[in-house]
Amino acid sequence: MPYDLSDWTLIFDLDGTLVETAPDLHASLNHTLDLKGLGPVTLESIRMMIGDGAKALIRKGLSHHGADINEAEIDAELWPAFLDHYSENITRLSKPFESSVSSLRNLQDAGAKMGVCTNKAQHLAELVLQGLELDPFFGATVGGDALATKKPDGEHILETTRRLGGDPARTIMIGDAWTDEKAARNAGLPFIFVSFGYGTLSAEPYEFLKSINHWRDMQQAIAELAGLT
C-alpha cells in the first residue's frame with residue numbers, strides 16, 4: 001500500500017463489516033425461537049435484523065412471527081438461551097469477508113491504528129475476533145455494553161479512538177448500517193459504508209462519506225477520505 005497511515009485511526013464495526021456473522025446468529029436465533037414453539041426465520045430475513053444487539057435480534061425474530069414480546073421472558077429465558085447457544089457456536093459458520101484479512105494486514109503495515117466499535121456485547125465481540133484470529137489487528141475493542149452509550153451515539157466511536165491513542169481529527173469510521181453512519185456524523189468523522197453488510201445508509205447527504213462494494217476497495221476509500229490521493 002503506497003500510503004502512510006501512521007497518523008490515522010480506523011474504527012471498524014464488526015458484524016457485516018469485518019465478519020460475515022449472520023450464519024451463526026441465524027442458527028442461534030432459530031434455536032431460541034424453537035424454544036417458544038416458533039418456526040425458523042430464513043438467513044436472508046435475519047441479515048436485516050442484525051446490528052442492535054442480541055435482545056433486539058430476539059425481539060425482531062418474535063415480531064417476524066407476530067408473537068407477543070414479553071421483556072421479562074426475554075430477560076429471564078430467551079436471551080440467556082440465545083447467549084449460551086451463540087457462545088458455544090460463535091465462529092462455527094462465521095468468517096471474515098473476502099479480502100478483509102489481507103486488507104487489514106496492509107493497513108497495519110501502513111501504520112494505521114485500528115479498533116473495533118460494535119453494538120455486540122463485549123465478550124461476544126472478543127470471542128469472534130479471537131476465534132477468527134483477527135484480534136492481533138486491533139488495539140482496542142469496545143462492545144455495546146462496555147459504555148453507558150452505544151452507536152448511534154458518537155461517544156462510542158470517540159471512546160474507541162481514545163483507547164487507541166488516536167486523534168479524532170484523523171479518524172475514519174467504517175460500517176454497514178445507518179447506526180454506524182449516524183455515530184460517525186455525531187462524532188464528526190468521515191464514514192465508509194460497506195454495501196455488502198446487513199444495513200442501509202440514511203437518505204441524508206454527507207460530504208465525508210464513501211461507499212464500497214468489496215473489501216478490495218477499502219484501502220483506496222480510506223486514502224481518499226484521508227486526503228492522500
Does the side chain of [Y] come within less than 4.5 Å of [X]'s, by heavy atoms?
X	Y	value
Lys182	Asp153	no
Cys117	Asp13	no
Ser211	Ile192	no
Leu18	Leu132	no
Lys36	Glu73	yes
Thr9	Arg170	no
Ser45	His64	yes
Leu14	Asn119	no

I'd like to know if [Y] and [X] are part of one continuous hydrophobic network [Ile/Leu/Val/Met/Phe/Trp/Tyr, side-chain heavy atoms within less than 4.5 Å].
X	Y	value
Leu83	Leu93	no
Leu107	Val101	yes
Leu35	Leu33	no
Ile74	Leu124	yes
Leu57	Leu127	yes

Any sub-3.5 Å donor-acceptor pair from [X]'s side-chain atoms to [Y]'s backbone N or O?
X	Y	result
Ser102	Ser99	yes
His26	Val41	yes
His214	Arg216	yes
Asp176	Val194	no
His156	Val142	yes
Asn89	Arg92	no
Gln122	Gly144	no
Tyr198	Thr21	yes
Asn30	Gly39	no
Asp24	Ser94	yes

Ion pair [X]/[Y], N-O distance below 4.0 Å:
X	Y	answer
Glu126	Lys120	no
Lys210	Asp217	no
Lys150	Asp145	no
Glu71	Lys55	no

Would you compute the distance between atom [atom1] of [X] and atom [atom2] of [Y] and round it to the nearest 0.5 angstrom?
X	Y	atom1	atom2	answer
Glu77	Asn70	CD	CG	8.5 Å
Asp7	Thr171	CG	OG1	11.0 Å
Ile50	Ile46	CD1	CD1	5.0 Å
Leu62	Ile69	CG	CD1	6.0 Å
Ile222	Leu228	CD1	CG	10.0 Å

Go through Leu25 and Asp15 one step at a time and tell me if the side-chain contact (heavy atoms from CB on, under 4.5 Å) criterion holds. CA-CA 10 Å; Leu25 289 165; Asp15 299 79; 3.7 Å; yes
So which of Thr179, Thr118, Asp180 actually passes side chain to side chain donor-acceptor pair (under 3.5 Å) with Lys151?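 Per the side chain to side chain donor-acceptor pair (under 3.5 Å) rule, the option paired with Lys151 is Asp180, out of Thr179, Thr118, Asp180.
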In a check of side chain to side chain contact (heavy atoms under 4.5 Å, CB included) between Ile11 and each of Leu164, Leu189, Val116, which one passes?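 Output: one option passes, namely Leu164.
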Where do [X] and [Y] come nearest, in terms of heavy atoms and distance?
X	Y	answer
Met49	Gly61	SD-N, 4.2 Å
Thr32	Ala81	OG1-C, 4.4 Å
Ala187	Gly154	CB-O, 3.8 Å
Ala125	Thr141	CB-CG2, 4.1 Å
Ala184	Met173	CB-CB, 3.9 Å
Ser195	Asn213	OG-OD1, 2.7 Å

Please tell me whether Ser28 and His85 have a donor and an acceptor in their side chains that are separated by less than 3.5 angstrom.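 Looking only at side-chain atoms, His85 and Ser28 do form a donor-acceptor pair, the distance falling under 3.5 Å.
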Could you check whether Ser202 and Glu181, counting side-chain N and O atoms only, form a donor-acceptor pair closer than 3.5 Å?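 Present: a donor and an acceptor within the cut-off.
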Relative to the ring of Tyr206, is the ring of Phe208 parallel (under 30°), tilted (30 to 60°) or perpendicular (over 60°)?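 Aromatic pair Phe208/Tyr206 classed perpendicular.
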Atom CD of Glu133 with >12 non-hydrogen neighbours under 6.0 angstrom: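 Atom CD in Glu133 is not packed in, count stays at 12 or less.
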Please say whether more than 12 non-hydrogen atoms of neighbouring residues, nucleotides or ligands are located less than 6.0 Å from CG in Asp68.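 Open.
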Do Gln219 and Asn106 pass the side-chain contact (heavy atoms from CB on, under 4.5 Å) test, and can you show the C-alpha distance, the side-chain angles, and the key distance before you say yes or no? CA-CA 8 Å; Gln219 297 169 56; Asn106 288 339; 3.3 Å; yes
Between Ile174 and Ile212, does a side-chain contact (heavy atoms from CB on, under 4.5 Å) hold up when you go through it step by step? CA-CA 10 Å; Ile174 300 99; Ile212 62 172; 5.9 Å; no
So Tyr3 and Gln220, side-chain contact (heavy atoms from CB on, under 4.5 Å) or not? Walk me through it. CA-CA 9 Å; Tyr3 307 114; Gln220 183 63 26; 3.4 Å; yes
Quick one: which of Trp215, Phe137, Phe97 gives a ring-ring contact (aromatic ring centres under 6.0 Å, His included) with Phe12?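 The residue from Trp215, Phe137, Phe97 that satisfies ring-ring contact (aromatic ring centres under 6.0 Å, His included) with Phe12 turns out to be Trp215.
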